[in-house]
S.K.: 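Before I ask anything, here is the structure I am working with.
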Number of protein chains: 4
Amino acid sequence: MTDEAQRGGRPRDARVDAAILAATRRLLADVGYGALTMDLVAAHANVGKAAIYRRYAGKQDLVFAAAVHGRTLDPPPDSGDLRTDLRWLVGGVARSLSSPATRAAVPALIADITADDDIADRFLRTFVAEERAYVETILDRAARRGDLRTPADAEVVHSLVLGSIFARIYLLRRPADKAYQHEVTDLLTAMLQPR
Amino acid sequence: MTDEAQRGGRPRDARVDAAILAATRRLLADVGYGALTMDLVAAHANVGKAAIYRRYAGKQDLVFAAAVHGRTLDPPPDSGDLRTDLRWLVGGVARSLSSPATRAAVPALIADITADDDIADRFLRTFVAEERAYVETILDRAARRGDLRTPADAEVVHSLVLGSIFARIYLLRRPADKAYQHEVTDLLTAMLQPR
Amino acid sequence: MTDEAQRGGRPRDARVDAAILAATRRLLADVGYGALTMDLVAAHANVGKAAIYRRYAGKQDLVFAAAVHGRTLDPPPDSGDLRTDLRWLVGGVARSLSSPATRAAVPALIADITADDDIADRFLRTFVAEERAYVETILDRAARRGDLRTPADAEVVHSLVLGSIFARIYLLRRPADKAYQHEVTDLLTAMLQPR
Amino acid sequence: MTDEAQRGGRPRDARVDAAILAATRRLLADVGYGALTMDLVAAHANVGKAAIYRRYAGKQDLVFAAAVHGRTLDPPPDSGDLRTDLRWLVGGVARSLSSPATRAAVPALIADITADDDIADRFLRTFVAEERAYVETILDRAARRGDLRTPADAEVVHSLVLGSIFARIYLLRRPADKAYQHEVTDLLTAMLQPR
DNA sequence: CATTAACCGAGACGGTACGTCCCGTCTTATC
DNA sequence: GATAAGACGGGACGTACCGTCTCGGTTAATG
């Protein structure tokens, strides 16, 4: 839906794209997912509803695009130290889940992911795969340094990192602040390092 | 709302209670949370909508009751061994998140939790507090046995256990099966045990 | 649509029926057919849109009911004189086509009649058949009195009466006032009387 | 709007003019006024929407042009006989209201006439004034021949002729065929002739 | 045993958001 | 400057669901 071909005729206006996403993010932060209405987005973006539906299949699609876009991590810098690498990872995940728009959107998105395989696939490819690859990179580096107790499954480690921060914010409803990040990093380091 | 007093008059029909919950669970598993309509529940339970609203404050309340009620863990048996205690904990959490009705309900419930502080409090008290207490119990026992590397924060450990399994099922969309439970248990044991 | 059976449950509220029709008639007269919106009717009637759609299949159906209901003529009194009978007929038709709500609704209704056979049938049975029967009654009386030049087809005479007044108001856009009614009555009398 | 000046540049393509009108007439006959969409006309004519709006002010203007243009009567031949003149008039009006495209367009046009004074004026001048002049001509001739009972108002007679045929087709929904035309002509002749 | 209060199924109620459709205008690149 | 294509702002449509209310009728505990 987001990226369709276009033969002739008037091209899509990039300013409209931007206005829609900006309005969506602002409204997510201001009024939350539940009170975010397509008419409201259209009004705030000074845009017709049709312009939104031309770009996104529906509310879920729009919110997914607005909340997820640009939330990807930078590639992990090689610090030469497992603890530092993990701190970077934990910090990055915490940051990407903590912005106001994301905080408002993610829970409803999780619900949609469970209900709609299309969005699920997109979410897995966009979000999850990248993070998982970074976990793998960090584990490989540590293994090459002899810094790893035993070969750990990257997917399981990823579920520990992503899941603990997700649970902290969305289930326990407490901030994933520096102190929390530090504690989790320590525990993960202890879990993975030899001795 | 779920358990209000009732002075005189005709008492509530227990068969209606059962029919409502059964229909809700069946529909959660069959059509999911989004397509679960109060009218649909009423129709499938051969019940008037008022009978549902007499018992539950709304859709969220109903689904919470149908999906979560009775999902609490047994108190943790004292196995005298940290690894065994953790295996029991991981298995219990995985089981409580894996039933079809729960799988359909939890994501939407998370969304509601974020939007509604009332239901959030209930969720935290019902679900989270109990699990957290069990984590604390397990950690205390291990500490008394000298089986713990260092005093770990129960809340953080809880977020690791709950979060990793939640992420496995609802974010990565893979089963939290025995193999996965085993791996997580091993990693948590390594994380917490001395040496 | 307008008159469906109803087994159990809460019965339709007659005040809602009345409020919908009153609001529709008022809005027809005030803003015209084009600016008459279902949401506007609902708002003015303090009624939900669903309450309207439960009663009427759409805007056409609603306007038809609001504009046509109660517009039927009284049975023709037997004056013993063809000219007087015709004057009553012409006056009645002119009156029924001249009210503000009717003036606003009829043209659009004609358009709908052409497009939708269901509404056409209803219109023919409700409106046309009655008028035609009255024409027939008047012609029969005149014939029995020997007051008729030659047996005239009631349907053709009806098309002359109804059509001329309709054309006067809606095509030539001039009022079907007393003077016009008098002239038409004279011509029709001349047309039908012997000599 | 229909005939504006055009200074320089590329002249309008006459094939486009024809394609637009042909598509409009075909669609009027096939799907009716309500389902006739500007996009649909453009698509069927293989033409851009702008090409239509460059020629016509809107849907009403287009349909008016497509359905009404060229529908004007020839001037009434002087037959020297009132009945023959009336037969010609009745036949001409019936013919001009009976073509499929006209049948689909006229009712909606009536609705627009009521709502929009601009189009009403155009309609009155184009259509009505001409017919009325012809009625006047016929009456004048008859009067000069002494063939008229009494000086009848041309406008009223016009409303009788136009209205009866209009009602026959659009309100009673029966064909204005030869038999009907004959009857109406007879009645009108009786109405106007002396004795 | 009669009363009474709360129950019951059914479904109408006000309200609100949805996603679709069409209008008439505007913006491309092409001829 | 006309053309085909199609995006644009605006706005009404008819549908669906929520949570409340109303109807006629039923069922147990109280007086």
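By convention in this document, chain letters (A, B, ...) are assigned in the order of the sequence lines, proteins followed by strands, and residues within each chain are numbered from 1.
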S.K.: For the residue pair C:Val16 and C:Ala51, what are the closest heavy atoms and their distance?
M.R.: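 Shortest heavy-atom contact: CG1-CB, 4.2 Å.
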S.K.: Measure the spacing between NZ of D:Lys59 and OG1 of D:Thr24 and express it to the nearest 0.5 Å.
M.R.: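 Here the rounded value is 10.5 Å.
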S.K.: Which atom pair, heavy atoms only, marks the closest approach of C:Val63 to C:Ala105?
M.R.: CG1-CB, 3.5 Å
S.K.: May I have the distance from C:Leu40 (atom CG) to F:dA12 (atom P), rounded to whole angstrom?
M.R.: 9 Å
S.K.: Report all interatomic pairs (protein N or O, nucleotide N or O of nucleotides 28-31 of chain E) with separations under 3.5 Å.
M.R.:
| unit_1 | atom_1 | unit_2 | atom_2 | d |
| --- | --- | --- | --- | --- |
| E:dC31 | O2 | D:Arg10 | NH1 | 3.3 |

S.K.: Within this structure, what is the CD1-to-P distance between B:Ile52 and E:dC8, rounded to whole angstrom?
M.R.: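 It is 11 Å, rounded to the nearest whole Å.
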S.K.: Round to a whole Å and report the spacing from OH of A:Tyr56 to P of F:dA7.
M.R.: 15 Å
S.K.: Side chain of B:Tyr53: nearest nucleotide among F:dT20, E:dA17, F:dA4?
M.R.: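 Of F:dT20, E:dA17, F:dA4, F:dT20 is nearest to the side chain of B:Tyr53.
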S.K.: Between D:Ala35 and C:Ala50, which residue's closest nucleotide on DNA chain E lies nearer the 5′ terminus?
M.R.: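 Nearer the 5' end of the strand: C:Ala50.
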S.K.: When you measure only distances, ignoring hydrogens and angles, does the side chain of B:Lys49 come within 3.5 Å of the base of E:dG9 through a donor and an acceptor?
M.R.: no
S.K.: Between A:Gly58 and C:Asn46, just flag the one whose closest nucleotide in DNA chain E comes earlier from the 5' side.
M.R.: C:Asn46
S.K.: Could you check which of E:dC7, F:dT3, F:dC8 has an atom nearest any side-chain atom of A:Asp13?
M.R.: F:dC8
S.K.: Between C:Arg55 and E:dC13, does any side-chain N or O lie under 4.0 Å from OP1 or OP2?
M.R.: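 Yes, within the criterion.
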S.K.: Restricting to non-hydrogen atoms, name the atom on A:Arg25 and the atom on A:Ala101 that form the minimum distance, rounded to 0.1 Å.
M.R.: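 Closest approach of A:Arg25 to A:Ala101: O-CB, 4.0 Å.
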S.K.: Please walk me through it: do D:Phe64 and D:Asp112 pass side-chain contact (heavy atoms from CB on, under 4.5 Å)?
M.R.: CA-CA 10 Å; D:Phe64 183 82; D:Asp112 292 339; over 6 Å; no
S.K.: Tell me whether B:Thr37 contacts the main-chain N or O of B:Leu40 through its side chain, where contact means a donor paired with an acceptor under 3.5 Å.
M.R.: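 Not confirmed, B:Thr37 side chain does not pair with B:Leu40 backbone.
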S.K.: Could you give the CD1-to-P distance, from D:Ile20 to F:dT3, as a whole number of Å?
M.R.: 8 Å
S.K.: Could you say whether A:Ala14 or B:Asp39 is positioned toward the 5' end of DNA chain F, judged by the nucleotide with the nearest heavy atom to each?
M.R.: A:Ala14
S.K.: Would you kindly give the OH-to-P distance between C:Tyr33 and F:dA12, to the nearest whole Å?
M.R.: 14 Å
S.K.: Would you classify D:Leu36 as touching base, sugar-phosphate or nothing, given that sugar-phosphate means primed atoms plus P, OP1 and OP2, and contacts are heavy atoms under 4.0 Å?
M.R.: sugar-phosphate
S.K.: Which residue lies toward the 5' end of DNA chain F, C:Met38 or B:Met38, if each is placed at its nearest nucleotide?
M.R.: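 The residue whose closest nucleotide sits nearer the 5' end is C:Met38.
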S.K.: Tell me the interatomic distance from B:Asp17, atom CG, to E:dC7, atom P, rounded to whole angstroms.
M.R.: 11 Å
S.K.: Do C:Arg173 and D:Asp117 sit within salt-bridge range, that is, some charged N less than 4.0 Å from a carboxylate O?
M.R.: yes
S.K.: State, to 0.1 Å, how close B:Tyr170 and B:Thr102 come at their nearest heavy-atom pair, and which atoms those are.
M.R.: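 In this case the closest contact between B:Tyr170 and B:Thr102 is OH-O, 3.5 Å.
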S.K.: What is the distance, rounded to the nearest whole Å, between atom CZ of C:Arg15 and atom C1' of E:dG14?
M.R.: 13 Å
S.K.: Contact list please: residues 104-120 of chain A against DNA chain E, heavy atoms, distance less than 4.0 Å, in numerical order.
M.R.: none
S.K.: Just the rounded figure in Å: distance from P of F:dG14 to CG of C:Leu62.
M.R.: 10 Å
S.K.: Give the minimum heavy-atom separation between D:Asp13 and D:Arg55, together with the two atoms involved.
M.R.: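 Of all heavy-atom pairs spanning D:Asp13 and D:Arg55, the closest is O-NH2, 3.4 Å.
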S.K.: Can you name the residues that form a side chain to side chain contact (heavy atoms under 4.5 Å, CB included) with D:Asp30, not counting sequence neighbours?
M.R.: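 Here the qualifying residues are D:Arg26.
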S.K.: Counting only side-chain N and O atoms of B:Arg54, is one of them less than 4.0 Å from OP1 or OP2 of E:dA6?
M.R.: no
